Amino acid sequence: MNPPTEYAESVLDLVERIPPGRVMSYGMIAEYLRERTGRGSPRTVGTVMARYGSGVPWHRVVSGAGRLPPGHEQTARQRLEAEGVPFRGQHVLMADPVLWWPE
DNA sequence: GGGGTGACCCAGT
DNA sequence: TACTGGGCCACCC
């Protein structure tokens with residue numbers, strides 16, 4: 001596996017800061033990094049997580065609709081429920097108290 | 001430098 | 001509620 005690029009590093013740094021029991025969407029991450037770096041998009045964040053996400057709390061990153069990463073639904077749901085994240089059916093309940101934004 | 005590839009998003013149907 | 005099409009953009013040939 002190739003080393004993370006500069007943009008990938010900024011994504012990983014942010015994901016590492018998400019507290020237990022809270023989540024961010026790919027779109028939120030893209031918006032935050034675009035404010036700070038002027039780069040990125042939700043799709044690019046997804047690509048970064050697919051390639052480099054294994055070393056960070058990737059289960060705290062979900063789609064804007066609360067869907068879990070393809071191929072890792074069971075693991076993600078197990079970890080999130082253990083942290084107290086509420087579910088509605090198969091997806092995370094994307095309500096204010098669970099969404100996190102960096103201070 | 002040009003084209004393909006996504007762990008996305010949103011509006012429309 | 002579920003699916004589609006268009007837009008998106010860093011990264012890798």
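As a basis for the values below, the full set of heavy atoms in this structure was taken, side chains included, without hydrogen atoms, waters or symmetry mates. A, B, ... follow the sequence lines: proteins, then strands. Residue 1 opens every chain. Just so it is clear, the model here is predicted, and its values are computed rather than measured.
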Asker: Using a 4.5 Å cut-off on heavy atoms from C-beta on, say whether the side chain of A:E6 contacts that of A:T37.
Answerer: no
Asker: Is the backbone of A:L12 close enough, under 3.5 Å, to the side chain of A:R17 for a donor and an acceptor to pair up by distance?
Answerer: no
Asker: Donor-acceptor check, side chain of A:R22 to backbone of A:L99, threshold 3.5 angstrom: yes or no?
Answerer: yes
Asker: Starting at CE of A:M94 and ending at C1' of B:dC8, how long is that distance when rounded to a whole Å?
Answerer: 12 Å
Asker: Are A:T75 and A:W58 close enough that some pair of their side-chain heavy atoms sits under 4.5 Å apart?
Answerer: yes
Asker: Quick check on contacts: within residues 3-14 of chain A, what sits under 4.0 Å from DNA chain C by heavy-atom distance?
Answerer: A:T5, A:Y7
Asker: Decide yes or no for A:S41 and A:R34: does some side-chain heavy atom of the first lie under 4.5 Å from some side-chain heavy atom of the second?
Answerer: no
Asker: Is there side-chain contact between A:V48 and A:I29, with at least one heavy-atom pair below 4.5 Å?
Answerer: no
Asker: Give, ordered by number, those residues of residues 36-65 of chain A having at least one heavy-atom distance below 4.0 Å to an atom of DNA chain C; if nothing qualifies, reply none.
Answerer: A:R39, A:G40, A:S41, A:R43, A:T44, A:R51, A:Y52
Asker: Distance check needed: B:dC10 P versus A:M28 CE, whole Å only.
Answerer: 12 Å
Asker: Can you tell if the side chain of A:R79 reaches within under 4.5 Å of the side chain of A:P57, non-hydrogen atoms only?
Answerer: no
Asker: Mark yes or no for whether A:Q74, through its side chain, and A:H72, through its backbone, hold a donor-acceptor pair below 3.5 Å.
Answerer: no
Asker: Can you tell me how far C1' of B:dA7 sits from CD1 of A:I18, to the nearest Å?
Answerer: 14 Å
Asker: For A:R67 and B:dC10, what is the distance between atoms CZ and P respectively, to the nearest whole Å?
Answerer: 11 Å
